[in-house]
S.K.: 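There's a structure below that I have some questions on.
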Amino acid sequence: CYQQFEVRWAEVNLPCTGSDHPDFGGWCRFDPERHANRKFEVADLLAIFDIWPPGVLPMFKQIAPASSLNWTVTYVHPVQHQLNDWFKYKVFTDHAADGYATEHAYLWDAENRLIAIARQTVTVFA
């Protein structure tokens, strides 16, 4: 999946590094070597959101399987972009305990306009 995208971590709080804190952010786009530029669709927006792992994974010391229990996306700004445009991502964990976490994430375009907000409950099997 990741080979379809270019992902740049802007905060060095990488998954499975045993961090004291959850959450991270970065930049992402569809890889222009694999995807010809075209109009950005809503399905593309969902894919861009979905490539990022859950916000609690930096706290784990090893890879841990995780799955969304529920996931909602609110569109704040019309999707008027190209497939190869860069988007900024940031996730915040609201609460995590007993194998569950609730989090919200934001996606901005390169002009720093908020495009969408995602909210989810995650199960981590570790």
Side-chain angles (χ1 to χ4, degrees):
C1 174
Y2 272 94
Q3 45 189 302
Q4 303 300 318
F5 303 93
E6 289 186 351
V7 176
R8 304 290 183 261
W9 295 86
E11 298 176 21
V12 188
N13 202 19
L14 300 174
C16 305
T17 56
S19 173
D20 291 334
H21 305 286
D23 307 336
F24 49 82
W27 290 85
C28 56
R29 70 174 178 170
F30 282 83
D31 186 344
E33 292 184 16
R34 295 179 182 265
H35 298 276
N37 209 12
R38 62 167 170 75
K39 181 181 174 194
F40 196 84
E41 302 288 341
V42 171
D44 302 322
L45 177 73
L46 295 175
I48 286 282
F49 256 129
D50 202 33
I51 62 165
W52 295 95
V56 295
L57 286 189
M59 299 182 78
F60 289 84
K61 292 183 180 178
Q62 338 176 347
I63 294 174
S67 180
S68 296
L69 287 177
N70 63 17
W71 188 45
T72 61
V73 176
T74 303
Y75 304 101
V76 178
H77 188 80
V79 180
Q80 301 171 341
H81 303 85
Q82 294 295 306
L83 192 68
N84 297 151
D85 289 350
W86 285 98
F87 292 89
K88 182 171 60 170
Y89 176 87
K90 175 70 178 160
V91 63
F92 299 93
T93 300
D94 301 311
H95 178 76
D98 302 319
Y100 296 95
T102 58
E103 63 185 39
H104 62 281
Y106 297 98
L107 193 72
W108 296 269
D109 65 14
E111 285 78 41
N112 210 35
R113 290 179 294 213
L114 182 61
I115 302 300
I117 302 167
R119 291 175 177 81
Q120 71 175 335
T121 302
V122 176
T123 300
V124 181
F125 303 95

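Since this is a predicted model, take the numbers as computed values, not measurements. Reckoned from all heavy atoms, side chains included, excluding hydrogens, waters and symmetry mates.
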S.K.: When you look at CZ of Phe92, are more than 12 heavy atoms from neighbouring residues, nucleotides or ligands closer to it than 6.0 Å?
M.R.: yes
S.K.: With rounding to the nearest 0.5 angstrom, report the CG to CD distance, Asn84 to Glu33.
M.R.: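 Those atoms lie 10.5 Å apart.
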S.K.: Count I, L, V, M, F, W, Y as connected when their side-chain heavy atoms are under 4.5 Å apart, and connections chain through other members. Are Val56 and Leu69 then in the same cluster?
M.R.: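 Per the 4.5 Å side-chain linkage, Val56 and Leu69 are not co-clustered.
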S.K.: Heavy-atom count check: over 12 atoms from other residues, nucleotides or ligands less than 6.0 Å from Glu111 CD?
M.R.: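 Above 12, so yes.
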S.K.: If two hydrophobic side chains count as joined below 4.5 Å and joins carry through other members, does Tyr75 share a cluster with Leu107?
M.R.: yes
S.K.: Measure the CD-CD1 distance between Gln80 and Ile115 for me, rounded to the nearest 0.5 Å.
M.R.: 8.5 Å
S.K.: Look at the aromatic rings of Trp9 and Trp52 and report parallel, tilted or perpendicular, splitting at 30° and 60°.
M.R.: perpendicular
S.K.: Between Asn13 and Pro22, is there a donor-acceptor pair closer than 3.5 Å when you use the side chain of the first and the backbone of the second?
M.R.: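 Yes: the side chain of Asn13 pairs with the backbone of Pro22.
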S.K.: Would a hydrophobic clustering, with Ile, Leu, Val, Met, Phe, Trp and Tyr connected at side-chain separations under 4.5 Å, put Phe5 with Val91?
M.R.: yes
S.K.: How close do Leu46 and Trp71 get, heavy atom to heavy atom, and via which atoms?
M.R.: O-CH2, 3.7 Å
S.K.: side-chain contact (heavy atoms from CB on, under 4.5 Å), that's the test. Do Phe40 and Gln82 meet it? Break it down for me.
M.R.: CA-CA 5 Å; Phe40 196 84; Gln82 294 295 306; 5.7 Å; no
S.K.: Please confirm whether the backbone N or O of Leu83 pairs with a side-chain atom of Asn37, one donor and one acceptor, at under 3.5 Å?
M.R.: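 Checking the backbone N and O of Leu83 against the side chain of Asn37, a donor-acceptor pair under 3.5 Å is found.
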S.K.: Which heavy atom of Val124 sits nearest a heavy atom of Ala64, and at what distance?
M.R.: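 Scanning both residues completely, I find the closest heavy atoms to be CG1-CB, 3.9 Å.
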S.K.: Find out if a path of hydrophobic residues (ILVMFWY) with successive side-chain heavy-atom gaps under 4.5 Å connects Phe60 to Val122.
M.R.: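 Yes; tracing contacts between hydrophobic side chains, which count when under 4.5 Å, links both residues.
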S.K.: Crowded around His21 NE2? As in, over 12 foreign heavy atoms under 6.0 Å?
M.R.: no
S.K.: Keeping to residues at least two apart or across chains, list the side-chain hydrogen bond (donor to acceptor under 3.5 Å, both in side chains) pairs with something in residues 114-126.
M.R.: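 Listed by first then second residue: Ser68-Gln120, Asn70-Thr121, Glu103-Gln120.
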S.K.: Report yes or no: do Phe30 and Val7 belong to one cluster of Ile/Leu/Val/Met/Phe/Trp/Tyr joined by side chain heavy-atom distances under 4.5 Å?
M.R.: yes
S.K.: Can you see which heavy atom on Trp27 is nearest to which on Ala110, and at what distance?
M.R.: CZ3-CA, 4.2 Å
S.K.: Enter the distance from Phe49:CZ to Ile117:CD1 here, rounded to the nearest 0.5 Å.
M.R.: 8.0 Å
S.K.: Side chains of Trp86 and Glu6: does their closest heavy-atom pair fall under 4.5 Å?
M.R.: yes
S.K.: Could you please spell out the steps behind the side-chain hydrogen bond (donor to acceptor under 3.5 Å, both in side chains) verdict for His104 and Asp94?
M.R.: CA-CA 7 Å; His104 62 281; Asp94 301 311; 3.0 Å; yes
S.K.: Is any side-chain heavy atom of Asp44 closer than 4.5 Å to a side-chain heavy atom of Arg38?
M.R.: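 When only atoms from C-beta onward are counted, Arg38 and Asp44 do touch, with a gap below 4.5 Å.
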S.K.: Rounded to the nearest 0.5 Å, how far apart are CH2 of Trp108 and NZ of Lys88?
M.R.: 5.5 Å
S.K.: Just wondering, do Pro65 and Phe125 contact through their side chains at under 4.5 Å, heavy atoms?
M.R.: yes
S.K.: Return the minimal non-hydrogen interatomic distance between Gly55 and Thr93, and the atom names on each side.
M.R.: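 That would be C-OG1, 3.6 Å.
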S.K.: Just how far is it from atom CD of Gln62 to atom SG of Cys16, taken to the nearest 0.5 Å?
M.R.: 8.5 Å
S.K.: Atom CG in Asp109, atom CZ in Phe87: separation rounded to 0.5 Å?
M.R.: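 So the CG of Asp109 and the CZ of Phe87 are separated by 6.5 Å.
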S.K.: Surrounding CG of Leu14 (heavy atoms of other residues, nucleotides or ligands, distance under 6.0 Å), is the total greater than 12?
M.R.: yes
